[in-house]
Amino acid sequence: MRRAHLAAGACLVALLLYPVVNPWQPYPQAVLLMGFLLAVQATSWNIISGYAGYISLGHSMFLGLGAYTVGILAVRWGVNPLWVAPLGGVTATVVAVLIGTVVLRTRGHAFVIITIAMLLAAQIIAVNSRDLTRGSDGITLELPFWHRDFQNIPFYYAFLGLLVVTVLFSAWIRRTKLGTGLVAIREDEGKAASIGVHTTRFKVVAYAASAFFIGVAGGVYAYYLTFINPVGSFAILGSVTIVLAALAGGRGTLYGPVAGAFAVNLVSEAATVYAGGVQSRVLLFGGALVLVVLFLPKGLLPTAGAWWRRRHPAKVEYIEQPAALAVRERTPPPAAAPGEVLLSVRGVSRRFGGLVAVDDLSLDVRQGTITALIGPNGSGKTTLFNLVTGGLPADSGEIWFDGRRIDRLRPWRRCHLGLGRSYQVTRLFKDMTVRENVVAPLADARWRTMLSDAVRGHEAERARELLDLVGLGRFAGQQAGALSYGQQKLVELAQVLMLEPKLILLDEPAGGVNPSLLGRIAEVIRELNAAGVTFLVVEHNIPLVLDLCDPVAVLAGGRLIAEGPPGRVREDPVVLDAYLGADWVPAVR
Ligand code: ADP
Ligand code: MG
């Protein structure tokens, strides 16, 4: 990354000097400044569509909104458009918040469609609001007040300055908890919500942040063109170009969209000069988009980076046995007194079509216990976890946690109240490093937290301790996806512990974990329990369950069929019949 910053700095110096060295050639300056404009847009687009993974196909709308805001105000107020350019950014941001608040509540593809629809709607509104926009006639602005001979130079520096600010802004976002949260949303939105990321707000903020500088640039662009009309300002081709630039350069990276914008701009310029006409450009861009998606799915910069790393491989650290367990003194989280009910599931049901996965189930988990939840596959254990943590809504019943009713709360609220969980099939953010995974959880939904550094001092410290605790300290810098399955389970455990939850739901923590790690997991659970953390554990390893847990609850067909101390449950004829089998012989007596 340092190399990339150095290269970017060198390019910036060269671009700053270029008009000084070569002031009398407006054409190359014009080509470059259009490159800056596209780079501003692609870098902004990258915040919502690269970091958060929500593809916008209508992003040029914000350029048009900025241009119209500035055009209308400059003419009305009789001021120079440059003075009101920031208001273009304000309009773009306000519109983004309004659209985002409605559309981004949900997950999935609605967003893509709506962004195109909004672009087209904006064009129609601009055509029809004649009083405001002069309809198809368009708005003509005053000419630049400086001398024609260096016509482009002020615009050149204005767009270059905007580009620098936009890149810095994007880099800053990526370094905050907002940025990590956006990447978490891209990789696994449900999981992000369960570790405390207020996904709706994160997405709306990202969408708004991706609109502001495009709006400002739109205002400057209007002045550069000195004429704006609906068709030119709200063009679908502009949006496609933004997407193409960001994809070609490397979506989700900092400099990829900038590099892509310059590349696309050059190709587009060449097409205009040698092939001419908008049709040929549409064909060219369409073809280029297909080629990029097929052959450069990650984009230019990431592909080049991967090639470089293959040529200069870093030293690989080999997996060793985990270091000795080092539990530190922890302050027990404040919760109900030992023995009081911490989690209370009351008459909860959940159906999938005709199947009743959880059937009018009531279950209490008491403070300070390690409660087991066992039962055959398909008996509804994971579904119950999803109902408790908010991954799924319950059809009926109530869920109470630590004295509050939580079944209507969003997943991140439940996390902030002190509920943590792991997944049966681990759901780490595989593109993040192990350390980033561990610090990804958010303890609250305050703006201050969201905009603070992704890893604050004490968090790095704590992440290291937790990774040491599960014996994976030396893998902190590795990609989470590169670890073995059992190790991923342990990283997920460390991730859950980051927020010091009051209650931790573990879904088959020993599944797929090798025996030496198994002992460690049991040890970690015991240590934490001694420090005041309550557990609800789903597990098929019965000897482990009987050894570790008390009480044990048994589920079958979505109903509770037995509950009590392990000694009693393992001899209960109903449990033997439904789950353990009549010939089951306990391994540990
Ligand atoms: P367990 O964790 O005890 O093995 P689950 O809670 O995963 O069981 O599943 C309970 C039942 O609900 C199973 O029959 C399963 O097929 C069904 N089920 C779980 N999740 C879904 C879903 N998202 N859609 C449809 N059916 C589901
Ligand atoms: Mg399950």
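Counting convention: from 1, in listed order, for ligands and their atoms alike. Positions are given from 1 along the sequence.
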> So is G375 close enough to ligand 1, meaning a heavy atom under 4.0 angstrom away?
Replying inline: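 G375 does not count as a contact of ligand 1 under the 4.0 Å cut-off.
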> Among protein heavy atoms, which sits nearest to atom 2 (O) of ligand 1, and what does the distance come to when rounded to 0.1 Å?
Replying inline: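 Of every protein heavy atom, T382 OG1, 2.7 Å lies nearest to atom 2 (O) of ligand 1.
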> Considering only protein heavy atoms, which is closest to atom 19 (C) of ligand 1, and at what distance to one decimal place?
Replying inline: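 Going by distance alone, atom 19 (C) of ligand 1 is nearest to F352 CE1, 3.5 Å.
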>> Apply side-chain contact (heavy atoms from CB on, under 4.5 Å) to residues R186 and L182 and explain how you reach the verdict.
In response: CA-CA 6 Å; R186 178 183 76 205; L182 294 177; over 6 Å; no
> Do you see an N/O/S atom of Q424, backbone or side chain, under 2.8 Å from the Mg ion (ligand 2)?
Replying inline: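 Under 2.8 Å: Q424 contacts the Mg ion (ligand 2) through an N, O or S atom.
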> Of all the atoms in T382, is at least one N, O or S atom closer to the Mg ion (ligand 2) than 2.8 Å?
Replying inline: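 Coordinating: yes.
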>> Counting only heavy atoms, tell me which of G378, G558, G391, G557 gets closest to atom 1 (P) of ligand 1.
In response: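 Nearest option to atom 1 (P) of ligand 1, by heavy atoms: G378.
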>> For atom 3 (O) of ligand 1, which of the options K381, Q424, H540, E508 provides the nearest non-hydrogen atom?
In response: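 Among K381, Q424, H540, E508, the closest heavy atom to atom 3 (O) of ligand 1 belongs to K381.
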>> Is the positively charged end of R421 above the ring of Y423, judged by distance under 6.0 angstrom from the centroid and angle within 45° of the axis?
In response: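 Because its charged atom sits under 6.0 Å from the ring centre and within 45° of the axis, R421 does stack over Y423.
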> Quick check, are the ring centers of Y207 and F62 under 6.0 angstrom apart?
Replying inline: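 Judged by ring-centre distance (under 6.0 Å), Y207 and F62 do meet the cut-off.
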> Does the T426 side chain pair with the main chain of K489, one donor and one acceptor, at a distance under 3.5 Å?
Replying inline: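 No; judged by distance alone, with no hydrogens or angles, the pair does not exist.
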> Does the N529 side chain pair with the main chain of G368, one donor and one acceptor, at a distance under 3.5 Å?
Replying inline: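 Looks like yes, one N/O pair under 3.5 Å.
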> Looking at T383, which atoms of ligand 1 are within less than 4.0 Å of one of its heavy atoms?
Replying inline: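 Reading through ligand 1 atom by atom, the close ones are 5 (P), 6 (O), 9 (O), 10 (C), 19 (C).
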> At a 4.0 Å threshold, what atoms of ligand 1 neighbour a non-hydrogen atom of A357?
Replying inline: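 Under 4.0 Å from A357, ligand 1 has these atoms: 11 (C), 12 (O).
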>> One thing to verify: whether D402 and R404 come together as a salt bridge, which I'm taking to mean a side-chain N less than 4.0 angstrom from a carboxylate O.
In response: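 A salt bridge is absent here (no side-chain N lies under 4.0 Å from a carboxylate O).
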>> Protein non-hydrogen atoms only, distance under 4.0 Å: does atom 12 (O) of ligand 1 have such a neighbour?
In response: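 Looking at atom 12 (O) of ligand 1, one finds that a protein heavy atom does lie closer than 4.0 Å.
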> Any side-chain heavy atom of W45 sitting closer than 4.5 Å to one from S210?
Replying inline: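 Not touching, per the 4.5 Å side-chain cut-off.
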> I399 and side chain to side chain contact (heavy atoms under 4.5 Å, CB included): which partner among I406, L384, L409?
Replying inline: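 For I399, the side chain to side chain contact (heavy atoms under 4.5 Å, CB included) test succeeds with only one of I406, L384, L409, which is I406.
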> For ligand 1, which part of L355 has a heavy atom less than 4.0 Å away: the side chain, the backbone, both, or neither?
Replying inline: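 The answer is the side chain of L355.
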